[in-house]
Novice: 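One structure is given below, represented as structure tokens, and several questions about it will come after.
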Amino acid sequence: MRLDPRLSQIFMKALLWALTGFTLFILVFIIVNISVKGLPQVTLSFLTQEPHDMGRAGGIFSAIVATAYVTFLAILLATPLGVGSAIYLTEYTKEGWTTRIIRFGAECLAGVPSIILGLFGFVLFVMKLGFGWSILSGGLTLAIMVLPIIIRTSEEAIKAVPPEYRLVCFSLGLTKWQTITRIVLPSALPGITTGIMLSVGRSLGETAVLLFTAGAALRTPLSLFDSGRTMAVHFYILAREGLSMPNAYGTAAILMISILLINVAAYTLMQRLMKRYS
Amino acid sequence: MSNQDIFRSARHLKPALFYRAGRPAVLCLFLGCLCGLVLAGCWRGPDSPGAVRAITIAGSTSVQPFAEKLAEEYMRRHSEVRIDIQGGGSSAGIYAAQQGVADLGASSRELVKAEKELMEIPIAYDGIAIIVNKDNPLENLSLEQIRQIYQGKITDWAELGLPSHSIHLITREEGSGTRNAFEELAMGKEAYITPAALVQDSNGSVREIVANDPHALGYISMGLVEPRVRAIAVDGVLPTRENVKNHSYKLVRRFLLVTQELKPGPCQDFVNFILSPKGQSLLETEGLVGVAD
Amino acid sequence: MKREVFIERVLLFLALSSIGSLLLITIFIFLEGVPLIAHAGLKKFLLTSHWAPTKGHFGILAMIISSILVTLGAMVLGVPLGLACAISLAEFSPERVKTLLKPTLELLAGIPSVVYGFLGVIWLVPLIRDYLGGPGLSLLAGSVILGIMILPTIISISIDALSAVPDLYRDGSIALGATNWQTVRRVVLPAARSGIITAVILGMGRAIGETMAVIMVAGNALKIPTSVLDPVRTLTSNIALELAYATGRHREALFATGIVLFVIIMILNFTASAITRRR
């Protein structure tokens with residue numbers, strides 16, 4: 001018997017919304033679960049104390065420092081490369097074999113799983129170049145990981161800058177480079193910042209890459225060649241080895257909430273940029 | 001002509017030469033850099049000592065928690081020295097010591113022939129405890145039973161006189177010092193462990209699973225047994241410090257530090273500290289057995 | 001003019017960094033892994049399942065099968081769920097709800113994979129162990145966690161694909177008397193097919209490449225699984241479990257595992273971008 005189309009529509013809509021609701025429920029469940037169990041652990045001393053006894057006691061200060069250090073290094077390396085690529089792609093070439101190769105590279109790089117990047121960073125930076133497990137090795141490998149994100153968002157942002165801006169500059173006699181640095185880049189800055197923020201979010205949550213390149217030493221890293229355990233790696237070790245559930249939840253809460261806030265902020269910024277130019 | 005069209009033509013107004021000439025040069029430069037990196041990676045590698053600014057210890061995850069303790073204590077006394085402890089496993093630690101990536105390698109297995117040129121410093125004895133969930137009434141297993149369980153011949157608790165339920169067997173991963181020692185001490189020559197066993201990559205995660213699963217059985221370093229899991233007797237002998245010391249407990253291995261040469265200075269001093277009565281007693285309070293006697 | 005030329009060259013150089021990194025990665029993974037494949041033989045490496053690298057047995061068949069099964073399992077959960085979200089948002093909700101819910105659902109992508117794995121161990125594994133049997137750490141647990149992890153990929157690409165279908169199609173269908181759902185099923189979905197397939201393929205790539213969460217919940221046993229409750233070891237977890245410990249041939253074997261993974265991922269990526277380009 002064929003169902004009345006209107007009935008089947010009601011049924012399907014209900015089903016689809018139920019599934020959507022279920023997905024939202026998973027998201028809310030994760031956030032609430034981690035926050036409720038983790039946030040009570042987060043005190044000032046938890047944030048500012050060194051971990052003791054393999055993380056069973058004390059805080060996560062050294063993990064915060066290591067995370068900040070590695071992330072900062074990765075962004076520092078990836079931003080000029082990424083933004084430079086984006087400028088080249090949008091302003092200096094027409095579509096051709098060069099752009100195709102560059103886009104292909106960025107696209108494939110985005111698809112490389114983090115464990116492969118970890119393998120690569122381990123063999124090249126840690127072993128062959130002799131940097132050891134260090135902030136430097138970790139930062140270099142992470143930079144490669146976030147490069148495609150920065151290229152893609154910067155490219156979108158630069159493309160969104162209305163062409164009339166450039167025309168006006170050219171007609172005033174500005175050179176191409178002057179146009180880019182004085183007009184195009186400032187206008188695209190919110191978009192580029194979005195890319196950088198997304199990259200920070202991605203770096204904060206990364207584990208597989210850093211476990212094999214930055215190592216897992218609990219000391220606060222002081223130089224580029226020190227090994228450091230980032231928050232995500234610290235959480236992984238705490239949770240997996242059952243060292244301290246409260247500290248694990250606390251670390252997870254800080255990690256997750258900072259990533260979510262960064263993502264929300266990045267999204268809001270992107271929305272604003274879109275609105276300005278559309 | 002719309003603005004966009006004007007813009008598009010404006011963008012392409014420069015002479016073609018401006019674009020073409022010199023591009024190959026950039027490409028060559030780029031490829032050069034690429035090759036340089038690859039070559040640097042291939043050849044400069046093994047003999048570069050690595051830029052180590054502090055004492056770096058890499059290796060066995062079984063030794064790691066004890067090394068962390070020792071380092072914490074040592075650094076409290078000598079605030080000018082930094083000690084970095086890396087996990088990675090025994091083989092990686094030995095390799096790192098050979099390559100000079102780490103000052104000291106930590107190993108929970110004996111050196112094989114090819115590694116014998118390294119200097120080895122035994123720091124403690126460790127028993128490997130067979131652990132079950134605290135709700136599991138099992139008291140004792142013979143070495144033969146352990147062997148058969150890990151070979152996959154005994155798969156049900158009923159065969160050990162308990163209510164019938166499949167045994168959730170947990171082992172360590174290939175390359176782990178604890179697994180290596182366990183294979184040598186318990187599994188005999190062929191050292192075959194059933195592929196049906198769960199594999200975990202640290203003592204802690206084995207303990208975590210056993211603590212949560214009433215049907216699990218695993219092995220971990222004796223010093224890491226916590227109240228949430230229970231160590232059972234092997235051939236009637238419990239893994240206690242006395243039994244390890246008097247060699248009546250069978251599953252015992254040495255913890256080693258290995259190095260190419262013990263550099264005088266902080267590194268030598270740290271090793272001396274470990275072997276001093278203070279260091280040894282620290283290890284004893286953590287559940288290991290000292291090498292002194 | 002000289003300056004401009006110089007700047008252009010510098011930018012070109014920067015722009016080559018992404019493809020350069022990709023090349024470096026490929027070169028090093030292959031340099032380290034190929035000697036082992038040559039040593040063990042490609043056929044033996046891929047088609048036997050005895051893995052005891054410290055004793056000279058290098059067979060990764062069980063892991064290839066496990067990786068594929070876990071990924072398929074993730075698809076069974078992730079594709080219907082993700083598509084349902086995409087259709088509800090793109091077709092059945094007002095613009096305001098869409099702009100609110102889409103980024104919200106994309107937050108799922110921001111949650112670190114270790115957190116997924118951790119919650120899997122805390123919530124899912126005991127459930128499976130107590131109600132379905134087995135050790136709980138299993139193919140099923142891995143599939144469920146991965147199924148959730150690939151949702152953001154599938155949802156956002158599918159929404160883009162659905163939104164790219166011109167409204168003319170919908171209007172035409174409605175004008176002929178079809179209901180909204182009939183329009184979606186008969187007109188919009190077929191029109192967005194290639195985009196949705198891309199979403200599914202990229203989701204597969206994400207699932208097969210995921211490491212930390214799988215290591216935590218899948219149990220990592222070396223056996224070829226015979227039921228969904230059996231513990232499994234995927235290609236990725238094999239690398240991550242043993243890499244830190246491995247030396248010599250063993251390490252090469254892990255890089256060789258990496259090669260297999262890399263090739264599978266690249267094939268998926270190529271397929272996805274080929275489909276996108278054809279469209």
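Proteins come first, then strands; the chains are lettered A, B, ... in the order of their sequence lines, and each starts at number 1.
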Novice: Could you look at A:Pro80 and say if it's the side chain, the backbone, both or neither that has a heavy atom under 4.5 Å from chain C?
Specialist: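 A:Pro80 touches chain C through backbone heavy atoms alone.
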Novice: What part of A:Ile259 gets closer than 4.5 Å to chain C, counting heavy atoms only: side chain, backbone, both or neither?
Specialist: side chain
Novice: Under a 4.5 Å cutoff for heavy-atom pairs, which residue among A:Ala106, A:Cys108, A:Ala239 has the most contacts with chain C?
Specialist: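 Among A:Ala106, A:Cys108, A:Ala239, the one with the most close pairs to chain C is A:Cys108.
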Novice: Is chain C contacted by the side chain of A:Ile180, its backbone, both, or neither, given a heavy-atom distance below 4.5 Å?
Specialist: neither
Novice: Are the ring centres of A:Phe122 and C:Phe28 closer than 6.0 Å?
Specialist: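 Distance test on ring centres: not under 6.0 Å, no.
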Novice: Pick from C:Asn269, C:Leu261, C:Ile29, C:Leu22: which one makes a side-chain contact (heavy atoms from CB on, under 4.5 Å) with A:Val112?
Specialist: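 The passing option is C:Leu22.
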Novice: In terms of heavy-atom contacts, does CZ of A:Phe29 have more than 12 from other residues, nucleotides or ligands at under 6.0 Å?
Specialist: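 Counting neighbours around CZ of A:Phe29, more than 12 heavy atoms of other residues, nucleotides or ligands fall under 6.0 Å, so yes.
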Novice: If the plane angle is over 60° it's perpendicular, under 30° parallel, otherwise tilted; pick one for A:Phe104 and C:Phe270.
Specialist: parallel
Novice: Indicate the atoms forming the closest heavy-atom contact of C:Ser88 with A:Thr20, along with that distance.
Specialist: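 Closest pair (atom of C:Ser88, atom of A:Thr20, distance): OG-OG1, 2.8 Å.
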Novice: Could you tell me which non-hydrogen atom of A:Ser85 sits nearest to which non-hydrogen atom of C:Ser17, and how far apart they are?
Specialist: OG-OG, 4.1 Å
Novice: Can you tell me which portion of A:Leu204 sits under 4.5 Å from chain C's heavy atoms? Options are side chain, backbone, both or neither.
Specialist: neither
Novice: Identify which part of A:Leu81 has an atom lying under 4.5 Å from any heavy atom of chain C, answering side chain, backbone, both or neither.
Specialist: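 Both backbone and side chain.
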Novice: Below 4.5 Å from any heavy atom of chain C, which atoms of A:Ile115 appear? Answer side chain, backbone, both or neither.
Specialist: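 Both the backbone and the side chain of A:Ile115 come within 4.5 Å of chain C.
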